[in-house]
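Accompanying notes for the structure given below.
Just so it is clear, the model here is predicted, and its values are computed rather than measured.
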2 protein chains.
Amino acid sequence: MDADIDAAASATPARILDIAERLAQTWGFNGFSYADIASELGITKASLHYHFATKAILGRALLLRYSEKFDVALTAIEAVRDASLKLRRYASLYEQVLVRDRMCLCGMLAAEYSTLPVAMQVELRRFFDKNEAWVARCLEDGRAGGTLTFEGDAVDAARALTAGLEGAMLLARSYGEPTRFAAVAKRLLRELDLAHSAVRTNRKTVN
Amino acid sequence: MDADIDAAASATPARILDIAERLAQTWGFNGFSYADIASELGITKASLHYHFATKAILGRALLLRYSEKFDVALTAIEAVRDASLKLRRYASLYEQVLVRDRMCLCGMLAAEYSTLPVAMQVELRRFFDKNEAWVARCLEDGRAGGTLTFEGDAVDAARALTAGLEGAMLLARSYGEPTRFAAVAKRLLRELDLAHSAVRTNRKTVN
DNA sequence: GTCTATAACGAGATAGAC
DNA sequence: GTCTATCTCGTTATAGAC
């Protein structure tokens, strides 16, 4: 098939990005070099520069691809009806990254923000903006639909949730204990859950 | 005074750490070099190596001093009676760092964790452990005293709070908007506040 | 305690052959 | 599209004079 041939012919850039992505999620964008990718892929540094002329270009491509993959994942979750379940699926996206001993690429890049090429800084903020908008919409839908509860602006609540997930990831990875993340995620989601909140309300009124 | 003379005589290591600390909080531990410190301090790289033989030693000293300073700050907060206010003061420690365009040193190092010398990894976890214990104790006191409310283990709640604060800091700094942090912090603390929680409970029962 | 000088290495990047 | 070879620069670190 032509598609397969083309895919095979253009496989090298994708494989480069695969390796670079894992290294960036593990050591940070400034923590790996062209030499690291080259040795792992079995080609020379010069060949890497043919595909990605500069590291800044590679980094931007990394972010764009990651953002697209994230879009696909979010779209898949869109099919879910229940907003509460949607959020649990969303949180599990983070967890899947963590159990592979990686940080969220964008959380990692956020830490390195001030050292990144401007083009990467722009793309990183774009990623967070999209992410935040998706979560905010999900929260708003859930509140309107009567499955979620939170106060104030949905965007603020979305920021609190993503901040909690990113931070929990950061800390859990330092301990090599993904369960630390899971516990925090569960707690964050529980607070948004109307069903659980109602239980808590009842308990209070009984007291 | 002898103390002053001694302080002046041993001022160089402290000034080195001051600069290194700011650079580490801005660019990361791997984001600055001895040359950066040397040029800013007006001495040579060789002189730096006299005070801190290797960068790993410098990094560990950085962490130890930061941890001590944090202890002092926490002890100062201890004087506060109200647990809710105590937590607000705690959160404002983070905010004070952020408004100076810095990341929490330990949040930054957590991102770089896998690239750090083992001695720094150990010290970093020690810092988080102490931090977590302090917050957990504060939460427990507040719950017992009837000013705070949360479910389950205090340690879990403490981890959720610190994760939220660290993550919010990370994201706020990428946008150069400290208000993003403040909004998330306010939300996190509000959820722990019994007074506010009671209001919410009342509102629910009215509905 | 600070200096000059230098070692030893790794980084990103380029030229030009195949 | 990949290679060899090389350049230039920045990095941590050391030797030895002052």
Which is true for Phe52(A) with a 4.0 Å heavy-atom rule: it touches a base, it touches only sugar-phosphate, or it touches nothing? nothing

Ile57(A) atom CD1 is separated from dG12(C) atom C1', nearest whole Å, by 12 Å

Counting just side-chain N and O atoms, does Thr12(B) come under 4.0 Å of either OP1 or OP2 of dT2(C)? yes

If only side-chain N and O atoms of Ser33(B) are considered, is one of them under 4.0 Å from the OP1 or OP2 phosphate oxygen of dT11(D)? yes

Among dC3(D), dA13(D), dA13(C), the one nearest Thr54(A) by side-chain distance: dA13(C)

Using only heavy-atom distances, determine whether the side chains of Glu78(B) and Trp134(B) contain a donor-acceptor pair under 3.5 Å. yes

Rounded to whole Å, how long is the line connecting atom CG of Leu48(B) with atom C1' of dT4(C)? 15 Å

Is it true that Arg88(A) and Ser84(A) share a donor-acceptor pair across their side chains at a distance under 3.5 Å? yes

Sidechain N-carboxylate O distance under 4.0 Å for Glu68(A), Arg65(A): no

Is Tyr34(A) touching bases, backbone alone, or none of the nucleic acid, heavy atoms closer than 4.0 Å? sugar-phosphate

Can we say Lys69(B) and Glu21(B) salt-bridge, meaning some charged N sits less than 4.0 Å from an Asp/Glu carboxylate O? yes

Value in whole Å for how far the P atom of dA15(D) lies from NZ of Lys45(B): 16 Å

Using the side-chain heavy atoms of Ala46(A), tell me which of these nucleotides is nearest: dC3(C), dA5(D), dT2(D). dA5(D)

Can a side chain N or O of Thr44(A) be found less than 4.0 Å away from OP1 or OP2 on dC3(D)? yes

Is His51(A) near enough to dT2(D) that one of its side-chain N or O atoms lies under 4.0 angstrom from OP1 or OP2? yes

Let me know the distance between CZ of Arg15(B) and C1' of dT2(C), rounded to the nearest Å. 13 Å

Measuring to OP1 and OP2 of dG1(D), would you say a side-chain N or O of Tyr50(A) lies under 4.0 angstrom away? yes

Sequence neighbours excluded, which residues qualify as side-chain contact (heavy atoms from CB on, under 4.5 Å) partners of Ala61(A)? Leu17(A), Phe52(A)

Measure the distance from NE2 on His49(B) to P on dT11(D) and round it to the nearest whole Å. 11 Å

Lys55(A) NZ - dC9(D) P separation (whole Å): 20 Å

Atom CD1 of Ile37(B) and atom C1' of dT2(C) are separated, to the nearest Å, by 16 Å

Within this structure, what is the CG-to-P distance between Leu58(A) and dA13(C), rounded to whole angstrom? 10 Å

Does Ser47(A) place a side-chain N or O at less than 4.0 Å from the phosphate oxygens OP1/OP2 of dG1(D)? no

